[in-house]
Amino acid sequence: MACSKELPRTVAAALTAVLTVIGVVYVTFFSDTFIGPFQGFLTTLGVPMAVWAGMFIVDVLLRKRDYDAEALYDAKGIYGAWNVKALAILAVGTFVGWGLVVNTAASWLTWQGYLLGPLGGKEGNWASANLGVIVALVIGLIGAFALQRADIKRQELAMDAGAGKE
């Protein structure tokens, strides 16, 4: 049983097509180059993905058992409907990571780099290093290890006790 209604495949495909067309139109008609917006997009997407990767690595290293596949789809199961701790780690890591990256080639991403002031600003030596991706990965690793270790242990104990099985 799913927690929410699923998006019909046709709607998901149409949404993907519209977003793709918007991206192509922007790069074709409004951008001087393809590589700038593309690199900016990758860096912007890379920050939350780095946080997620850090959390995933910790989960793989700490978890001794496979997930209970049925319980993953049960909002009242051992995993619950929402992992608020994971969402908080993702939000903090993304906020800090975006604050430490600069995308000079994509004008629509000038809002990033808001935490670079103490490191010399958006024009300083550290600005183009894109430290935000690495910092985001570390936040994901440390955050998941600190905040989710007990949850993983509790979930596996519940599986051992048969709470995750029907």
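FYI, the numbering just counts along the sequence from 1.
Residues N83 and Q148 have side chains that bring a donor and an acceptor to within less than 3.5 angstrom of each other. A donor-acceptor pair shorter than 3.5 Å can be found between the side chains of R63 and Q155.
Taking the salt bridge (Lys or Arg N to Asp or Glu O under 4.0 Å) definition, one finds that K153 meets it with nothing, sequence neighbours left out.
The hydrophobic cluster containing L61 does not contain Y67, counting ILVMFWY residues as joined when their side-chain heavy atoms lie under 4.5 angstrom apart, directly or transitively. The hydrophobic cluster containing F29 does not contain V24, counting ILVMFWY residues as joined when their side-chain heavy atoms lie under 4.5 angstrom apart, directly or transitively. One hydrophobic cluster, built from ILVMFWY side chains closer than 4.5 Å, cannot hold both W108 and I22; they sit in different ones.
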Under 3.5 Å, side-chain donor or acceptor atoms of residues 128-145 against the rest of the protein: list the pairs with distances, not counting sequence neighbours.
from	atom 1	to	atom 2	distance (Å)
N130	OD1	V102	N	3.4

Per-pair distances, 0.1 Å, donor-acceptor, side chain in residues 40-57, under 3.5 Å, sequence neighbours excluded:
from	atom 1	to	atom 2	distance (Å)
T43	OG1	Q39	O	3.0
T44	OG1	G40	O	2.8
T44	OG1	Q112	NE2	2.9

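Atoms CZ and CG, from R149 and D59 in turn, are 13.5 Å apart once rounded to the nearest 0.5 Å.
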| message | Apply side-chain contact (heavy atoms from CB on, under 4.5 Å) to residues Y79 and D68 and explain how you reach the verdict. | response | CA-CA 9 Å; Y79 305 113; D68 179 353; 3.9 Å; yes

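Nearest approach of L147 to K85, heavy atoms of both residues: O-CD, 3.2 Å.
Looking at heavy atoms from C-beta onward, I152 lies in side-chain contact with E156 at the 4.5 angstrom threshold.
A donor-acceptor pair under 3.5 Å links the side-chain atoms of Y114 to the main chain of F95, judged by distance alone.
Under the 30°/60° scheme for interplanar angles, the aromatic rings of W111 and W98 are found to stand perpendicular.
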